[in-house]
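Some notes on the structure that comes next.
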Amino acid sequence: MCRHLAYLGPPVTLASLVLDPDHSIYEQSWAPADMRGGGSVNADGFGLGWYPEGDVTVSGGPVRYRRSVPIWTDENLPGLAGSIRSGAVIAAIRNGTVNMPYGQAAVAPFMRGNWLFSHNGRIPGWPDSTLKLAERLPVVDLLRLDASVDSALLWALIHNRLTEGVPPADAVATVVQEVEAAAPGARLNVLLTDGEQLVATTWTHSLHVHRTADSVTVSSEQFGPHQWTEVPDRSLLVATATTLHITPMEGQE
C-alpha cells in the first residue's frame with residue numbers, strides 16, 4: 001500500500017512535512033512501519049500537491065509535482081521542497097498494485113480544478129468489480145482518467161459527486177461505501193482537499209492525526225516529535241485548520 005499525508009495550517013515548507021522529520025514520508029518510502037501486508041517499500045513514484053501562499057481561491061488553484069521514480073532518487077527535491085511554503089499540502093509515495101500500470105500519471109495526488117486527492121489502498125477485482133459504478137460516469141470522465149488504475153477511477157467517482165453539488169464529506173463517504181459494496185475487502189483510505197477543508201477516511205488501513213490550535217496534519221504513519229492520535233478504522237475525518245470532526249462511517253447512507 002502507499003503512504004500519504006495532508007496538512008492544513010499556517011504556511012510551512014514542504015520539506016518540514018516531507019523530508020525533515022524523523023520517520024518522514026521520505027523515510028517511509030524505504031522503511032514503512034505499518035503496511036499491513038501491502039508490500040515492503042513505496043518506490044513506485046511520489047507526488048506533492050500544494051496551494052501557493054495567499055488566498056487559495058484566487059491563486060489559480062493547486063500546484064503539483066509528481067515523479068515515477070523512488071522519492072530518494074530525486075536530487076532536485078530537497079531544494080524544491082525547502083524553498084516552497086504552503087498552508088495546504090498533500091503528499092504521497094506509491095507502492096503500485098500488481099497488474100496495474102506504473103508511471104507518473106498513476107501517482108497521487110490526482111488533481112482537478114481546485115481539488116487534490118490521494119488514495120492509499122486497493123480495490124479487489126478491479127476493473128471488473130467496479131464496472132457497474134463506472135457505468136454511471138459520463139463518458140468524458142472515463143476518457144479523462146489520469147491512468148488506468150483503481151485510484152484514478154475512485155477519484156473520478158468522487159469528483160462526479162462533487163460536480164453534482166454533493167458536499168465533499170458526503171461525496172467521499174458515499175463513494176467509499178459503494179465501492180466496498182461492489183468490491184468487498186477494498187482498502188479505501190482517501191484524502192481530499194480544496195486547500196481550505198480536508199476530508200479523509202480510514203477503511204482497513206492506518207491513519208493518524210496531529211492537531212494544534214491552528215493546524216491539522218493527518219498521515220498514514222506517525223512522524224516527527226508530535227503527539228498523534230490514531231483514527232479508528234472505518235471513520236470519516238473532516239477538518240479545517242482550526243476544526244476537527246471524526247465520525248464512524250458504518251451505517252452511513
Side-chain angles (χ1 to χ4, degrees), residues 1-6 25 28-29 32 35-49 62 64-71 74 90-113 115-163 171-172 174-193 199-207 220:
M1 299 298 108
C2 309
R3 310 278 79 186
H4 60 193
L5 67 83
I25 200 170
Q28 292 169 35
S29 64
M35 294 288 279
R36 304 194 181 187
S40 58
V41 295
N42 297 282
D44 297 320
F46 71 94
L48 308 175
R64 182 175 57 175
Y65 180 72
R66 298 189 296 176
R67 298 289 308 280
S68 59
V69 299
I71 191 171
D74 190 330
I90 282 184
I93 49 177
R94 186 178 186 231
N95 174 17
T97 302
V98 175
N99 296 325
M100 290 194 192
Y102 295 84
Q104 180 174 300
V107 178
F110 299 95
M111 181 172 72
R112 190 169 300 177
W115 295 102
L116 290 171
F117 173 83
S118 178
H119 169 220
N120 168 27
R122 61 184 293 270
I123 300 177
W126 185 92
D128 294 350
S129 60
T130 55
L131 288 179
K132 293 298 184 182
L133 295 175
E135 287 176 356
R136 303 179 189 176
L137 291 174
V139 173
V140 67
D141 287 1
L142 294 173
L143 294 175
R144 287 176 177 167
L145 288 181
D146 284 46
S148 182
V149 296
D150 54 358
S151 298
L153 178 62
L154 182 62
W155 169 223
L157 292 167
I158 291 172
H159 186 264
N160 180 250
R161 295 272 181 166
L162 295 173
T163 61
V172 168
T174 299
V175 170
V176 164
Q177 293 183 321
E178 287 179 344
V179 172
E180 167 64 21
R187 293 187 174 192
L188 300 167
N189 278 30
V190 307
L191 302 175
L192 174 70
T193 187
V199 178
T201 61
T202 55
W203 198 274
T204 74
H205 225 304
S206 61
L207 191 71
S220 299

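Just so you know, residue 1 is the first one in the sequence shown, and it goes up from there.
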Looking at [X] and [Y], what are the two nearest heavy atoms and their distance?
X    : Y    : value
S129 : P124 : OG-O, 2.7 Å
H119 : S151 : ND1-OG, 2.8 Å
I25  : A91  : CD1-O, 3.8 Å
T204 : A186 : OG1-O, 3.5 Å
A147 : A152 : O-CB, 3.3 Å

Validation row: [X], [Y] side chains within 4.5 angstrom (heavy atoms):
X    : Y    : value
V149 : R94  : yes
W115 : F110 : no
L133 : V175 : no
T163 : R112 : no

Atom pair [atom1] ([X]) and [atom2] ([Y]), whose distance is rounded to the nearest 0.5 Å:
X    : Y    : atom1 : atom2 : result
L153 : D146 : CG    : CG    : 11.5 Å
L137 : L143 : CG    : CG    : 11.0 Å
L142 : S148 : CG    : OG    : 10.5 Å
T202 : N120 : OG1   : CG    : 11.0 Å
L5   : S220 : CG    : OG    : 8.0 Å
I93  : R67  : CD1   : CZ    : 15.5 Å

Do any N or O atoms from the side chain of [X] and from the backbone of [Y] form a donor-acceptor pair under 3.5 angstrom?
X    : Y    : answer
D74  : V69  : no
D150 : W126 : no
R3   : Q28  : no
N189 : W203 : yes
R64  : G47  : no

TODO: Mind telling me whether W155 and F117 have parallel, tilted or perpendicular rings, with 30° and 60° as the class edges?
DONE: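 Answer is parallel, since the angle falls under 30°.
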TODO: Have a look at L192 and tell me which of I90, L116, L162 forms a side-chain contact (heavy atoms from CB on, under 4.5 Å) with it.
DONE: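 The side-chain contact (heavy atoms from CB on, under 4.5 Å) with L192 is passed solely by L162 among I90, L116, L162.
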Task: Pairs meeting criterion salt bridge (Lys or Arg N to Asp or Glu O under 4.0 Å) with involvement of residues 152-163, two or more places apart - done: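 Sorted pair list: R161-E178.
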Task: Counterpart residues, side-chain hydrogen bond (donor to acceptor under 3.5 Å, both in side chains), relative to S118 (two or more places apart) - done: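 Testing S118 for side-chain hydrogen bond (donor to acceptor under 3.5 Å, both in side chains), a comparison that skips the adjacent residues, returns H4.
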- [ ] Any chance you could lay out the side-chain contact (heavy atoms from CB on, under 4.5 Å) test for L188 and I123, step after step, and finish with the verdict?
- [x] CA-CA 8 Å; L188 300 167; I123 300 177; 4.1 Å; yes
